[in-house]
Number of protein chains: 2
Amino acid sequence: MKPSFEDLMHELVIRKIRPSHQRIKILEYLMEHPCHPTVDQIFNDLQKEIPTLSKSTVYNTLTSFMEAQLVRVITIEENETRYDIITHNHGHFKCDSCGAIYDFKINIDDFTAGELSGFQIYDKNVYFKGICPKCLYK
Amino acid sequence: MKPSFEDLMHELVIRKIRPSHQRIKILEYLMEHPCHPTVDQIFNDLQKEIPTLSKSTVYNTLTSFMEAQLVRVITIEENETRYDIITHNHGHFKCDSCGAIYDFKINIDDFTAGELSGFQIYDKNVYFKGICPKCLYK
DNA sequence: TTCAAAATTATAATCATTACAAATATAAAA
DNA sequence: TTTTATATTTGTAATGATTATAATTTTGAA
């Protein structure tokens with residue numbers, strides 16, 4: 001279940017991140033674009049609304065959000081860092097042909113490794129690579 | 001089961017990658033250091049044996065090996081690309097305190113997502129983050 | 001041995017990210 | 001409301017990993 005905008009605002013307040021104009025817009029953008037945008041996509045799109053926006057602000061804000069565990073970083077491919085509003089129990093599939101990233105449900109908590117008893121695990125990630133149906137059948 | 005050096009040489013030949021001195025040394029290094037080395041680690045260590053070694057060669061070679069599916073890239077953290085001799089069915093745990101990366105056995109093939117029927121999957125990755133026991137109890 | 005193709009090397013270029021300092025905005029106190 | 005201190009934003013410069021390029025060297029076949 002996707003968190004509401006109010007939930008996220010609440011998260012910002014709880015975590016003592018001041019809800020500045022830029023931060024709100026970036027958070028809103030991430031919610032409305034759960035397509036794993038890159039920094040450039042976020043920056044280019046938001047610059048239309050906020051002409052004075054600086055790319056530094058996008059980086060700063062994403063770093064704050066990451067520290068607050070509001071977003072996670074996906075680095076399936078090097079030099080292609082993408083950001084994702086955190087929702088639990090989903091994996092990522094990257095199509096090597098068209099580059100699209102798909103979410104899929106997966107019960108990550110089922111993956112417990114006996115070897116890791118004694119380890120404190122606070123983040124589990126699963127990603128697959130391959131070719132998506134659109135590219136396969138055309 | 002770890003592939004033997006002969007197996008890997010055989011892989012090179014099959015895949016039409018000429019077994020040059022540098023390539024053999026890099027392959028050997030990766031086998032003897034299954035600790036997910038970075039490019040710098042590989043370069044610095046091998047430079048002692050091969051003083052004329054160039055970092056470009058390390059990059060070129062790793063790219064060839066990746067295309068030949070002999071190694072895989074792990075990018076748990078951005079700006080920290082690591083290389084790993086491919087062995088199936090293991091995940092990676094990265095300790096956020098000391099930075100060490102641990103392998104653990106996991107039956108990745110069990111992770112099938114119904115949503116991905118119709119997708120051609122050829123690479124499955126699992127990585128966890130957290131704190132390792134060494135850092136927890138000190 | 002000779003020759004053409006491939007690999008290696010050194011250097012320069014690229015590009016995403018980070019660092020920094022000045023300008024601006026914010027919130028609380030007076 | 002005005003003042004003041006603090007946090008945020010901005011633009012620019014610096015960093016650093018990776019890639020591109022061209023010259024040199026090595027390799028393997030004829």
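It should be emphasised that the depicted structure is a prediction, and the values quoted were computed from it without experimental measurement. The sequence lines fix the lettering, A, B, ..., with proteins before strands; numbering per chain opens at 1.
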For residues 12-21 of chain B, which side-chain N or O atoms pair as donor and acceptor with protein atoms under 3.5 Å away, sequence neighbours left out?
from, atom 1, to, atom 2, distance (Å)
Arg15(B), NE, Glu11(B), OE1, 2.7
Arg15(B), NE, Ala68(B), O, 3.2
Arg15(B), NH1, Ala68(B), O, 2.8
Arg15(B), NH2, Glu11(B), OE1, 2.6
Ser20(B), OG, Arg23(B), N, 3.3

Mind checking side chain to side chain contact (heavy atoms under 4.5 Å, CB included) for Glu28(B) and listing every partner two or more places apart, or none if nothing turns up?
Phe5(B), Lys25(B), Glu32(B)
Between dT18(D) atom P and Phe43(B) atom CZ, what is the distance in whole Å?
13 Å
Could you list where the contact with chain A starts and ends along DNA chain C, reading 5' to 3', using a 4.0 Å heavy-atom cut-off?
dA16(C) to dA19(C)
For the residue pair His33(B) and Tyr29(B), categorise the inter-ring angle as parallel (less than 30°), tilted (30 to 60°) or perpendicular (more than 60°).
parallel
Partner set under ring pair (Phe, Tyr, Trp, His ring centres under 6.0 Å) for Tyr127(B), not counting sequence neighbours
none
Does OP1 or OP2 of dT18(D) have a side-chain N or O of Tyr59(B) closer than 4.0 Å?
yes
Checking Phe93(A) now: which residues fulfil ring pair (Phe, Tyr, Trp, His ring centres under 6.0 Å) with it, not counting sequence neighbours?
Phe119(B)
What one-letter contact string describes nucleotides 5-10 of chain D from 5' to 3', where B marks a base within less than 4.0 Å of any protein heavy atom, S marks contact via sugar-phosphate atoms alone, and - marks no contact?
--SSSB
Side chain to side chain contact (heavy atoms under 4.5 Å, CB included) partners of Ser54(B), counting only residues at least two apart:
Ser56(B), Thr57(B)
Applied to residues 39-77 of chain A, the ring-ring contact (aromatic ring centres under 6.0 Å, His included) test, sequence neighbours excluded, yields none
Apply salt bridge (Lys or Arg N to Asp or Glu O under 4.0 Å) to Lys55(A) and list each qualifying residue two or more places apart in sequence or on a separate chain.
Asp40(A)
Between Val39(B) and Pro19(B), name the one whose nearest nucleotide on DNA chain D is closer to the 5' end.
Val39(B)
